[in-house]
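Just below is one structure, and these are the notes that go with it.
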Amino acid sequence: RAMGGRRDRFARRGLGRGGEKRGLKEALTAEVVAEIAALVGAPVEEWDFEAIEVAARREALRVAGLAVARRFNADHSDHAGPSLACPCGEQARYVGRRAKTFTSALGDLGLERAYFHCDRCGSGFCPRDRALGLEGGSFSPHALRMIGIVGARVSFDEGSGLLHSLAGIDVPAKQVEREAERLGREIADDERRVVEPETDREIPPTLYLGMDGTGIPMRKSEIEGRAGKQEDGSAKTREVKLVTVWSAEGRDKEGVPVRDDGSITYSAAIESAATRDTDKEPSAVARRAVREATRRRFDKVARRVVLGDGAEWIWNVAAEEFPDAIQIVDRFHANEHLSDAAKAIYGPRGDLHKEWAHQRCTDLKAGKIDDVLAALAVHSCCEEAQACSEYIRKNRNRMRYGEFHDAGLCTSTAVVESGCKRAIGLRLKEGGMFWTVPGANAIIALRCNRLSGRFEDFWERRSAARVAA
């Protein structure tokens, strides 16, 4: 939808109007044709086809870049007078034309723009930079888009290599990092600001909202003094809290709900789920969950389900923000608790603990919670059995798996756990990566935005805001 609109808009635009546009097109075409003809002058059988491909592409982009820069620099209409209004409210005076090299999809472009300076606030600006999306950096809009794409998917170093290999532009890894994080911060701000329901998605009978946390490696300055899971009580990671929404109307051969293609959206950040009694607003995680639920029209579906493991913060958010939703503890997390209890009771060797755990898991799946609790009570002298029993008692209303299965509901958080890996782990947990909180949150926002299919809509809003300004 958004992509089609972009192509139509670009098709309607031109580098000039009327005869100027036709003249530039003809000159550009002639120059490109001449350059490529020189490359393919040898007999076809003697071609190094790959070398010709690379050289022809490079020459075509070079010629196009020269034509664009020539046209740009010949147009002085951005010098509309001796002064312009400065954002501070005073008048900024025209100083002259300033040249700057911008990295674009066509290569480096040397562009000259009218420059105005405000004596009152001491700032200067080029009106054309804002009009064309060049403000605040040295990259063209499409070059920045490409940096965002690689920055969301791979390491900054690998992204730099991909930009060179696939797009023919040279962007050092550190610049990929800075620009990708800058774009990610814009997306994070946009996520907090734009919370309109997504009316282009159909409303399914049931929607699932899952929450989970996953740790990512941090720089020492970000974890100093924080309690963690290391033997000495220190921390090496900070927890990213992920909110996932999806539908699962499909069924596999056994009748188990299967997530619907294209239905998953993600929103995540390193942020707190804690609140104090004196706080007037919900926690940052709760607000994020509400925003994502609003976008997905969670309140409009017939059945709303919140899925999670046994983490208390998940159920606090569910109770406060989605009180009428069905709450389900992931069945496989419950099975893990029973398996751990079985190993503690019978020891990790042999088959006895496996047989006991299998029977308890079968009972739990069938909704026989009292039978499971009775079997655990026999081993009440075992600390792990006591802990498992307490876990089940605390969550028994969320473990009515027999009822849930009969109602056709999903009882697994596999989609959420997969989201932790897909949206967070694959990008932020590679070897040698250590993050700051701002840097991690920027890349998380960028990655979640793209995986959720929202990047084009964000880009449209970004372009519209620039035009409006």
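Smallest separation of non-hydrogen atoms from Val285 and Trp313: CG1-CZ3, 3.6 Å. Smallest separation of non-hydrogen atoms from Ala407 and Arg303: O-NH1, 2.8 Å. The shortest heavy-atom contact between Leu364 and Ala334 is CD2-CB, 3.7 Å. Across all their heavy atoms, Arg120 and Cys88 have their closest contact at NH1-O, 3.7 Å. Residues Phe322 and Leu209 approach most closely at CZ-CD1, 3.9 Å, considering heavy atoms. Pairing each heavy atom of Ser140 with each of Ala105, the nearest pair is OG-N, 3.9 Å.
Between the side chain of Ser339 and the backbone N or O of Asn335, no donor-acceptor pair lies under 3.5 Å. Checked by atom type and distance alone, the side chain of Arg450 never pairs as donor or acceptor with a backbone atom of Phe455 at under 3.5 Å. Looking at His76, its side chain does come within 3.5 Å of a backbone N or O of Asn73 through a donor-acceptor pair. Ser263 contributes a side-chain N or O that, together with a main-chain N or O of Asp260, makes up a donor-acceptor pair within less than 3.5 Å. In this structure, Arg71 contributes its side chain and Val68 its backbone to no donor-acceptor pair below 3.5 Å. With hydrogens and angles disregarded, no donor-acceptor distance shorter than 3.5 Å links the side chain of Ser247 to the backbone of Glu249. A donor-acceptor pair is defined here as one N or O able to donate and one able to accept, closer than 3.5 Å; such a pair exists between the side chain of Asp330 and the backbone of His333. A donor-acceptor contact shorter than 3.5 Å is absent between the side chain of Arg185 and the backbone of Ile443. Here the side chain of Ser104 pairs a donor or acceptor atom with the backbone of Leu106 at under 3.5 angstrom. In terms of modelled atom types and a separation under 3.5 Å, the side chain of Ser234 and the main chain of Gln230 share no donor-acceptor contact.
Inter-residue side-chain proximity for Arg113 and Phe72 is flagged as met; some heavy-atom pair is nearer than 4.5 Å. In this structure, Leu183 and Ile147 have side chains that are not in contact, with every pair of non-hydrogen atoms separated by 4.5 Å or more. Taking 4.5 Å as the limit, every side-chain heavy atom of Cys388 sits out of range of all side-chain heavy atoms of Asp340. The closest side-chain heavy-atom distance from Val63 to Leu61 is not below 4.5 Å. Using a 4.5 Å heavy-atom cutoff, the side chains of Ser138 and Gln175 are in contact. Thr244 has its side chain within reach of Ile264: a pair of non-hydrogen atoms, C-beta onward, lies under 4.5 Å apart. Using a 4.5 Å heavy-atom cutoff, the side chains of Val306 and Ile328 are not in contact. Inter-residue side-chain proximity for Tyr266 and Ile424 is flagged as unmet; no heavy-atom pair is nearer than 4.5 Å.
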Step by step, work out the salt bridge (Lys or Arg N to Asp or Glu O under 4.0 Å) result for Lys100 and Asp129. CA-CA 11 Å; Lys100 182 176 179 179; Asp129 287 1; 5.4 Å; no
The test is side-chain contact (heavy atoms from CB on, under 4.5 Å); show your working for Val305 and Phe404 and say whether it passes. CA-CA 11 Å; Val305 179; Phe404 297 149; over 6 Å; no
Can Glu135 and Arg466 be said to form a salt bridge (Lys or Arg N to Asp or Glu O under 4.0 Å), step by step? CA-CA 10 Å; Glu135 189 177 39; Arg466 184 187 73 240; over 6 Å; no
Stepwise side-chain contact (heavy atoms from CB on, under 4.5 Å) check, Phe125 with Arg130: CA-CA 9 Å; Phe125 59 93; Arg130 171 173 290 184; over 6 Å; no
Walk me through whether Lys241 and Glu239 qualify under salt bridge (Lys or Arg N to Asp or Glu O under 4.0 Å). CA-CA 6 Å; Lys241 291 183 171 61; Glu239 187 174 62; 2.9 Å; yes
Tell me, with the steps shown, if Val171 and Phe139 meet side-chain contact (heavy atoms from CB on, under 4.5 Å). CA-CA 10 Å; Val171 185; Phe139 293 92; 3.8 Å; yes
Worked verdict on Thr206 versus Val301 for side-chain contact (heavy atoms from CB on, under 4.5 Å): CA-CA 6 Å; Thr206 305; Val301 299; over 6 Å; no
Decide yes or no on salt bridge (Lys or Arg N to Asp or Glu O under 4.0 Å) for Arg297 and Glu198, but give the supporting numbers first. CA-CA 7 Å; Arg297 297 187 285 177; Glu198 296 176 342; over 6 Å; no
Taking only distance into account, with no hydrogens and no angle test, what donor-acceptor pairs under 3.5 Å do side-chain atoms of residues 210-225 form with protein atoms, sequence neighbours excluded?
from, atom 1, to, atom 2, distance (Å)
Thr214, OG1, Lys429, NZ, 2.6
Glu222, OE2, Val437, N, 3.2

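Sparse packing is recorded around CZ of Arg226, with 12 or fewer heavy atoms of other residues, nucleotides or ligands lying under 6.0 Å away.
By the 4.0 Å N-to-carboxylate-O rule, Glu271 lies close enough to Arg288 to be salt-bridged with it. Using a 4.0 Å cut-off between charged side-chain N and carboxylate O, Glu281 and Arg287 make a salt bridge. Remark: Arg393 does not engage Glu390 in a salt bridge, criterion side-chain N to carboxylate O under 4.0 Å. The residues Arg291 and Glu191 are annotated as salt-bridged, a charged nitrogen and a carboxylate oxygen being separated by less than 4.0 angstrom. Salt bridge status for Glu456 with Arg145: present, with a side-chain N to carboxylate O gap under 4.0 Å. Between Asp75 and Arg128 a salt bridge is recorded (basic side-chain N to carboxylate O distance below 4.0 Å). Salt-bridge check for Arg304 with Asp299: failed, with every basic side-chain N at 4.0 Å or more from each acidic carboxylate O. In this structure, Arg276 pairs ionically with Asp279, as a charged nitrogen and a carboxylate oxygen lie closer than 4.0 Å. Note on Arg153 versus Glu158: no salt bridge recorded, every NZ/NE/NH1/NH2 to OD/OE distance being 4.0 Å or above.
Using a 3.5 Å distance cut-off with no hydrogens or angles, the side chains of Glu292 and Thr265 do pair a donor with an acceptor. With no hydrogens or angles considered, a side-chain donor-acceptor pair links Glu417 and Thr413 at under 3.5 Å. Looking only at atom types and distance, the side chain of Thr411 has a donor-acceptor partner in the side chain of His405 under 3.5 Å away. For the residue pair Ser155 and Asp157, no side-chain donor N or O sits within less than 3.5 Å of a side-chain acceptor on the partner. Side-chain N/O atoms of Asp108 and Thr101 include no donor and acceptor closer than 3.5 Å.
By the 30° and 60° cut-offs, the orientation of the rings of Trp246 relative to Tyr208 is parallel. Ring geometry for Tyr115 versus His117: interplanar angle of 30 to 60°, hence tilted.
Judged as a side chain to side chain donor-acceptor pair (under 3.5 Å), and not counting sequence neighbours, Arg251 has no contacts. Partners of His79 according to the ring pair (Phe, Tyr, Trp, His ring centres under 6.0 Å) rule, which considers only residues two or more places apart in sequence or in another chain, are Tyr94.
Geometrically, Arg98 does not engage Phe116 in a cation-pi contact defined by less than 6.0 Å to the ring centre and at most 45° from the axis. For the pair Arg427 and Phe156, the distance from NZ or CZ to the six-membered ring centre is under 6.0 Å and the angle to the ring normal is within 45 degrees.
Of the residues Asp189, Asp190, Val194, the one that meets the side-chain contact (heavy atoms from CB on, under 4.5 Å) test with Arg192 is Asp189.
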